[in-house]
Amino acid sequence: MSDENVTISMLKQRALRFRDARRWRQFHNPKDLVLALVAEAGELCELVLWKDPAQLEAELREEPARGRFADEIADVQNLLLLLLLVDAIGLDLSEAFARKLEANAAKYPVEKASGSARKYTELG
């Protein structure tokens with residue numbers, strides 16, 4: 001499996017099979033899935049909290065920090081929970097992503113936003 005040949009639909013089906021084999025659907029309502037996503041993201045945040053960006057970049061080039069970071073990024077829970085959430089609310093993730101990307105392109109036109117970290121309301 002690689003990003004080159006796996007679709008979102010394929011990942012979603014694997015997530016649903018994983019959930020259903022364990023009979024966990026009963027626990028997977030939108031509220032609890034959102035809270036679980038936040039909790040998982042918090043674990044990634046802990047690895048970078050209070051670190052200077054240059055310090056963090058240096059750490060991420062070396063073990064064991066790089067391994068811990070990779071483990072949190074690859075944590076199956078993050079993508080699994082997102083896929084279960086879109087299923088629970090009947091959302092087409094690809095369509096929602098495309099729509100949001102188009103909206104962001106309008107808010108952040110290249111000629112105004114290129115090289116800037118300012119929020120769209122500050123681009124003028």
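Atom set for the values below is all heavy atoms of this structure, side chains included, hydrogens, waters and symmetry mates excluded.
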If I compare all heavy atoms of [X] with all of [Y], which pair ends up nearest, and what's the gap?
X: Ser116; Y: Leu123; result: OG-CD2, 3.9 Å
X: Asp20; Y: Arg25; result: OD1-CB, 4.3 Å
X: Ala15; Y: Leu84; result: O-CD2, 3.9 Å

Please indicate whether [X] has more than 12 foreign heavy atoms, meaning atoms of other residues, nucleotides or ligands, lying under 6.0 Å from its [atom1].
X: Lys51; atom1: NZ; result: yes
X: Arg19; atom1: CZ; result: yes
X: Glu111; atom1: CD; result: yes
X: Arg23; atom1: CZ; result: no

Rounded to the nearest 0.5 Å, how far does [atom2] of [Y] lie from [atom1] of [X]?
X: Asp71; Y: Leu44; atom1: CG; atom2: CG; result: 11.0 Å
X: His28; Y: Leu85; atom1: NE2; atom2: CG; result: 10.5 Å
X: Arg14; Y: Leu11; atom1: CZ; atom2: CG; result: 7.5 Å
X: Glu40; Y: Leu79; atom1: CD; atom2: CG; result: 12.0 Å
X: Arg66; Y: Glu59; atom1: CZ; atom2: CD; result: 12.5 Å
X: Leu33; Y: Leu80; atom1: CG; atom2: CG; result: 9.0 Å

Donor-acceptor contact present, side-chain Arg22 to main-chain Phe18, <3.5 Å: yes
Let me check something: any side-chain donor-acceptor pairs from residues 86-109 under 3.5 Å, sequence neighbours excluded? List them with distances.
unit_1: Asp92; atom_1: OD1; unit_2: Ser94; atom_2: N; d: 3.1
unit_1: Asp92; atom_1: OD1; unit_2: Glu95; atom_2: N; d: 2.9
unit_1: Glu95; atom_1: OE2; unit_2: Arg99; atom_2: NH1; d: 3.3
unit_1: Tyr108; atom_1: OH; unit_2: Tyr120; atom_2: N; d: 3.2

same_hphob_cluster(Leu47, Val38) at 4.5 Å side-chain heavy-atom cutoff: no
Single-linkage hydrophobic cluster Phe27~Leu35, side-chain heavy atoms < 4.5 angstrom: no
Sequence neighbours excluded - ring-ring contact (aromatic ring centres under 6.0 Å, His included) pairs with any residue from residues 30-49: none
side-chain contact (heavy atoms from CB on, under 4.5 Å) evaluation trace for Glu46 with Leu49: CA-CA 5 Å; Glu46 284 181 313; Leu49 184 64; 5.7 Å; no
Student check: side-chain heavy atoms of Leu16 and Leu83 closer than 4.5 Å: no
